[in-house]
Amino acid sequence: MINFTLRQIRIFECVARHLSYSRAAESLYLTQPAVSMQVRQLEDSLGLALFEQLGKKIYLTPAGEELLNYCRNILQQVSNAEAMVEDLKGMGGKLSIDVASTAGYFTPQLLAEFCKRHPKARISLNVTNRETLLQRLANNEMDMAIMGRPPEGLDLDAEPFMENRLVIIAPVNHPLAGERKIPMSRLAEETFLVREQGSGTRIAMERYFADNSIRLITGTEMNTNEAIKQAVQAGMGLGILSLHTVQLEFALNRLTVLDVENFPILRNWYVIHRRGKRLSVIAQAFKEFLLDNANAVLANTSN
Ligand code: PGA
């Protein structure tokens, strides 16, 4: 009979995810020899090699690929069992949420209100970009996520809960500032600073220009909304960002929104988790809170 432990499954899954013993060791807070030894013991008890080393890199063998699917299912079941235990303990459970970088601008206000209503909730918030977030969802590394529309074809449950308006931002002294109903075609003469590949904001912006047959001249690429705002203020180009990210700069009159036809780009924020995931009581409560209260809470806090 095959004899392996949950610990070995966790370690194997982590090495397979990172394809690196050292990175797996780091994320599991173990030493690299401890990780290699657990994988070797697992291989010994199966009588099969799970990884092969070519040059400096390691790869999953076909047997490793097959086993990985089973291991992910086992870990999903274990996490469901943990959620059930948290259920039994009620609202004091732990909630781990990932949000796309732009959603990091409003999620803390929502969490503040949620925690007022559920003071025992223990929350862990991870702000990351859309692409990383999708990867982490695929690996079942959190309870739920907040992001723009997820790609079709992933096995996800996604519900929209709030509007996300993407606006064109410019320095207050820009020649187009203050003009009304600027034709969209005029944008083909401007340079736009863009977020990194994999950002939801960037994908939406590129798609919008393509759908409206406007040539998009892209300037410097930057991986945070903050850097784009600073660069726009400094005159490096225009930017297209979510209205959530620029409240402070508008209040301080450091940036302005251009009044361009067909703008803002209207998107939605979605609350997302893997389909079939058994949400804990606290996770389910947070999801309902977003669907029922997010708009009202943020309307109050931004006044
Ligand atoms: P971003 O994602 O902050 O990575 O651009 C926002 C989104 O998912 O719409």
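Throughout, residue positions are numbered sequentially from 1 according to the sequence presented. Keep in mind the model is a prediction, meaning the values are calculated, not measured. Computation of the quantities below employed the complete heavy-atom set of this structure, encompassing side-chain atoms and omitting hydrogens, waters and symmetry-equivalent molecules. Numbering of ligands and ligand atoms starts at 1, following listing order.
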Give yes if a backbone or side-chain nitrogen or oxygen of G200 is under 3.5 Å from a nitrogen or oxygen of ligand 1, and no if not. yes

Between R136 and D98, is there a side-chain N and carboxylate O pair less than 4.0 Å apart? yes

Give the minimum heavy-atom separation between V78 and L6, together with the two atoms involved. CG2-CD1, 3.9 Å

Ligand 1 atoms in contact with S101 (distance to a heavy atom under 4.0 Å): 1 (P), 3 (O), 4 (O)

Any ion pair linking E13 and R10 (charged N to carboxylate O, less than 4.0 Å)? no

Kindly confirm or rule out an N or O of T201 lying under 3.5 angstrom from an N or O of ligand 1. yes

Could an N or O of ligand 1 be found under 3.5 Å from any N or O of R195, whether backbone or side chain? yes

Residue, atom and distance of the protein heavy atom nearest atom 3 (O) of ligand 1 read T102 OG1, 2.7 Å

Contact region, R202 to ligand 1, non-hydrogen atoms below 4.0 Å, reads neither

Taking N or O atoms only and a 3.5 Å limit, does R267 qualify as a polar contact for ligand 1? yes

Between Y270 and F161, is the gap from one ring center to the other below 6.0 Å? no

Centres of the Y208 and F263 rings: under 6.0 Å? yes

Contact (N/O only, under 3.5 Å) between G148 and ligand 1: yes

With no hydrogens and no angle check, just 3.5 Å: does a side-chain donor-acceptor pair link Q230 and E226? no

Using a strict threshold of under 4.0 Å (side-chain N to carboxylate O), is an ion pair present between K287 and E159? yes

E196 to ligand 1: N or O pair under 3.5 Å? no

If we number the atoms of ligand 1 from 1 as shown, the ones under 4.0 Å from a heavy atom of A100 are 2 (O), 6 (C), 8 (O)

